[in-house]
2 protein chains.
Amino acid sequence: MKEQFRLDNQLCFRLYTASRLLTQAYNPLLSGHGLTYPQYLVLLVLWEKDSQPVNDIAKRLLLETNTVTPLLKRMEAEGILTRTQGKKDARQMIVTLTKKGRDLQDELACVPETVGSAVMCKSVNRDTVPALFETLDGLIKQLSQR
Amino acid sequence: MKEQFRLDNQLCFRLYTASRLLTQAYNPLLSGHGLTYPQYLVLLVLWEKDSQPVNDIAKRLLLETNTVTPLLKRMEAEGILTRTQGKKDARQMIVTLTKKGRDLQDELACVPETVGSAVMCKSVNRDTVPALFETLDGLIKQLSQR
DNA sequence: TATATTTGCATCGTGAACGATATAATTAAC
DNA sequence: GTTAATTATATCGTTCACGATGCAAATATA
């Protein structure tokens with residue numbers, strides 16, 4: 001048995017598992033508002049800057065438009081946002097929050113802190129998170145440039 | 001705009017993105033052998049210890065059996081493994097690699113190194129990976145205990 | 001031994017991810 | 001001004017992740 005193949009030596013398995021479990025931690029906080037975790041990410045993007053074309057949202061999240069489009073359509077069906085054809089460029093669909101979408105920011109105000117405190121532990125804390133962020137940012141940059 | 005909601009401050013978005021991108025790095029290496037990344041994880045588990053019940057595989061990967069079962073059935077259809085009813089406990093399905101499944105270990109021998117070198121960069125290297133592993137392990141432990 | 005509970009696995013439905021492909025609008029080249 | 005190439009979305013098919021539920025075998029309890 002090669003050491004390289006040991007599950008405990010895999011970075012990807014750790015990232016995959018950590019990502020799944022952390023998403024699971026968000027779900028109970030979001031589901032009451034009819035949201036999934038990727039939909040919450042879209043809200044984060046739109047709260048920062050409203051009325052963006054689909055493409056900009058996808059690029060910000062490093063996702064493809066064929067992933068984002070059905071997600072946005074579900075959010076539109078929920079009345080969280082609207083999709084309107086662009087005026088300058090008729091190919092673009094401009095995504096804009098509704099009042100309901102904007103109001104969700106206040107309703108979800110406690111989410112970051114709740115998840116944050118669920119995550120904090122001996123090895124994840126104020127001292128370790130900056131290095132973790134830096135390493136993950138480097139990894140993401142490395143992987144998205146190819 | 002609350003600082004807590006900034007996408008760039010989210011641990012989960014980093015993990016989610018890093019996990020997706022790293023999985024994408026595996027796909028071209030696996031797809032030629034008819035494998036997906038989660039199927040590769042199953043192989044890692046079975047190469048370490050063959051002939052395990054579904055439940056043990058699921059627990060090792062921190063997945064639910066309703067995720068693993070269809071995945072195993074696809075792998076069985078590909079001739080990579082067999083699923084046979086347990087003798088001691090008839091509720092258990094024992095998963096065993098076929099010759100094809102065992103041979104895949106040699107065929108995929110270069111995968112860990114190939115992905116490893118694709119990942120290595122200024123911020124992900126011999127010096128930073130141990131701390132990254134430790135932090136992620138702590139996070140996974142924290143999140144799986146609730 | 002009969003009944004109740006637990007356990008292992010499977011099925012179903014929904015929402016993502018993503019490659020491949022399609023369509024329509026825009027832009028570039030000729 | 002046509003035609004060609006590019007760009008912005010959308011559609012389709014396959015695989016996962018996971019909650020809810022079902023079922024049968026095993027175990028605990030009466």
Side-chain angles (χ1 to χ4, degrees), chain A residues 12-13 15-28 30-32 34-42 52-59 61-78 80 83-95 143-144, chain B residues 12-13 15-28 30-32 34-42 52-59 61-78 80 83-95 143-144:
Chain A
C12 193
F13 176 57
L15 288 173
Y16 167 81
T17 304
S19 173
R20 277 194 311 105
L21 295 178
L22 191 44
T23 299
Q24 281 178 36
Y26 277 91
N27 278 336
L30 299 176
S31 62
L35 290 172
T36 64
Y37 177 70
Q39 291 175 6
Y40 174 70
L41 291 182
V42 169
Q52 297 190 51
V54 173
N55 210 14
D56 289 12
I57 297 172
K59 281 209 171 67
L61 297 176
L62 298 176
L63 289 167
E64 302 300 318
T65 60
N66 57 359
T67 299
V68 173
T69 292
L71 202 152
L72 291 172
K73 291 178 94 166
R74 282 186 284 269
M75 293 176 81
E76 184 182 37
E78 295 286 327
I80 294 167
R83 297 160 59 252
T84 55
Q85 198 166 29
K87 286 165 190 167
K88 289 182 303 186
D89 189 335
R91 294 171 305 179
Q92 291 187 332
M93 287 296 280
I94 307 296
V95 179
L143 290 172
S144 58
Chain B
C12 192
F13 175 58
L15 289 172
Y16 167 81
T17 303
S19 173
R20 276 193 314 103
L21 295 178
L22 191 45
T23 299
Q24 281 179 37
Y26 276 91
N27 278 336
L30 299 176
S31 63
L35 290 172
T36 63
Y37 177 72
Q39 290 175 6
Y40 174 70
L41 291 182
V42 168
Q52 297 191 50
V54 174
N55 210 14
D56 289 13
I57 297 171
K59 281 209 169 68
L61 297 177
L62 299 175
L63 290 167
E64 302 300 317
T65 61
N66 58 359
T67 298
V68 173
T69 291
L71 202 151
L72 292 172
K73 292 178 92 166
R74 282 187 285 268
M75 294 176 80
E76 184 182 37
E78 294 286 326
I80 293 167
R83 296 160 59 254
T84 55
Q85 196 167 33
K87 286 165 187 165
K88 289 182 304 187
D89 189 334
R91 292 171 304 179
Q92 292 186 332
M93 287 297 278
I94 307 295
V95 179
L143 289 172
S144 59

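Numbers restart at 1 for each chain; the letters A, B, ... are given by sequence-line order, proteins then strands. Only heavy atoms go into these numbers, but all of them, side chains included; no hydrogens, no water, no symmetry mates. All of these numbers come straight from a predicted model, not from anything done at the bench.
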Write out a two-atom table: protein N or O, nucleotide N or O from nucleotides 17-22 of chain C, distance below 3.5 Å.
| from | atom 1 | to | atom 2 | distance (Å) |
| --- | --- | --- | --- | --- |
| C:dA17 | OP1 | B:Tyr16 | OH | 2.8 |
| C:dA17 | OP2 | B:Tyr16 | OH | 2.8 |
| C:dC18 | OP1 | B:Arg20 | NH1 | 3.4 |
| C:dC18 | OP1 | B:Gln24 | NE2 | 2.4 |
| C:dC18 | OP2 | B:Arg20 | NH1 | 2.8 |
| C:dG19 | N7 | A:Asn66 | ND2 | 2.8 |
| C:dG19 | O6 | A:Asn66 | ND2 | 2.8 |
| C:dA20 | N6 | A:Asn66 | ND2 | 2.9 |

A:Val95: which of A:Val68, A:Ile57, A:Thr84 passes side chain to side chain contact (heavy atoms under 4.5 Å, CB included):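 Running side chain to side chain contact (heavy atoms under 4.5 Å, CB included) over A:Val68, A:Ile57, A:Thr84 with A:Val95 returns exactly one hit, A:Ile57.
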
Separation of atom [atom1] in [X] from atom [atom2] in [N], rounded to whole Å:
{"X": "A:Gln92", "N": "D:dT6", "atom1": "CD", "atom2": "C1'", "answer": "14 Å"}
{"X": "A:Ile57", "N": "C:dA16", "atom1": "CD1", "atom2": "P", "answer": "14 Å"}
{"X": "A:Asp56", "N": "D:dT7", "atom1": "CG", "atom2": "C1'", "answer": "13 Å"}
{"X": "B:Tyr26", "N": "D:dC16", "atom1": "OH", "atom2": "P", "answer": "16 Å"}
{"X": "A:Gln39", "N": "C:dG15", "atom1": "CD", "atom2": "P", "answer": "8 Å"}
{"X": "A:Met93", "N": "C:dA24", "atom1": "CE", "atom2": "P", "answer": "15 Å"}
{"X": "A:Lys73", "N": "C:dT14", "atom1": "NZ", "atom2": "P", "answer": "17 Å"}
{"X": "B:Glu76", "N": "D:dT15", "atom1": "CD", "atom2": "P", "answer": "15 Å"}

I'd like a table of atom pairs between the protein and nucleotides 22-26 of chain D - only N or O on both sides, under 3.5 Å - with the distance next to each one.
| from | atom 1 | to | atom 2 | distance (Å) |
| --- | --- | --- | --- | --- |
| D:dA26 | OP1 | B:Ala90 | N | 3.0 |

Sequence-distant partners of A:Asp56, salt bridge (charged side-chain N to carboxylate O under 4.0 Å, His left out), two or more places apart: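 So A:Asp56 forms no salt bridge (charged side-chain N to carboxylate O under 4.0 Å, His left out) with any residue.
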
Results of side chain to side chain contact (heavy atoms under 4.5 Å, CB included) for A:Asn55 - residues two or more places apart only: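 Side chain to side chain contact (heavy atoms under 4.5 Å, CB included) check on A:Asn55 returns A:Lys59, A:Thr65.
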
For [X] and [Y], work out which heavy atoms get closest and say how close.
{"X": "A:Ala90", "Y": "A:Gln85", "result": "O-NE2, 2.7 Å"}
{"X": "A:Leu143", "Y": "B:Ala18", "result": "CD1-O, 4.3 Å"}
{"X": "A:Leu71", "Y": "A:Pro38", "result": "CD1-CB, 3.7 Å"}
{"X": "B:Ser31", "Y": "B:Pro28", "result": "OG-O, 3.7 Å"}

Contact list for residues 17-28 of chain B, test side chain to side chain donor-acceptor pair (under 3.5 Å), sequence neighbours left out: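 Applying side chain to side chain donor-acceptor pair (under 3.5 Å) to every pair that reaches into residues 17-28 of chain B, excluding sequence neighbours, yields nothing.
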
Nucleotide pairing, DNA chain D (Watson-Crick or G-U, distances under 3.5 Å), in dot-bracket with [ ] and |: ||||||||||||||||||||||||||||||

Non-neighbouring partners of B:Glu76 that pass side chain to side chain donor-acceptor pair (under 3.5 Å), sequence neighbours left out: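 Listed in chain order: B:Arg83.
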
Those residues that, when tested against A:Arg74, pass side chain to side chain donor-acceptor pair (under 3.5 Å) (two or more places apart):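 Expected list: none.
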
Short side-chain N/O contact to D:dT15 OP1/OP2 from B:Thr36, under 4.0 Å: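 No, because none of the side-chain N or O atoms of B:Thr36 sits under 4.0 Å from OP1 or OP2 of D:dT15.
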
side-chain N/O B:Thr65 vs C:dG8 OP1/OP2, d < 4.0 Å: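 For C:dG8, neither OP1 nor OP2 has a side-chain N or O of B:Thr65 closer than 4.0 Å.
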
Comparing A:Arg74 and B:Leu72 on DNA chain C - which has the more 5′ nearest nucleotide: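 Result of the comparison: B:Leu72.
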
ring-ring contact (aromatic ring centres under 6.0 Å, His included) partners for B:Tyr16, two or more places apart: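 Expected list: A:Tyr37.
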
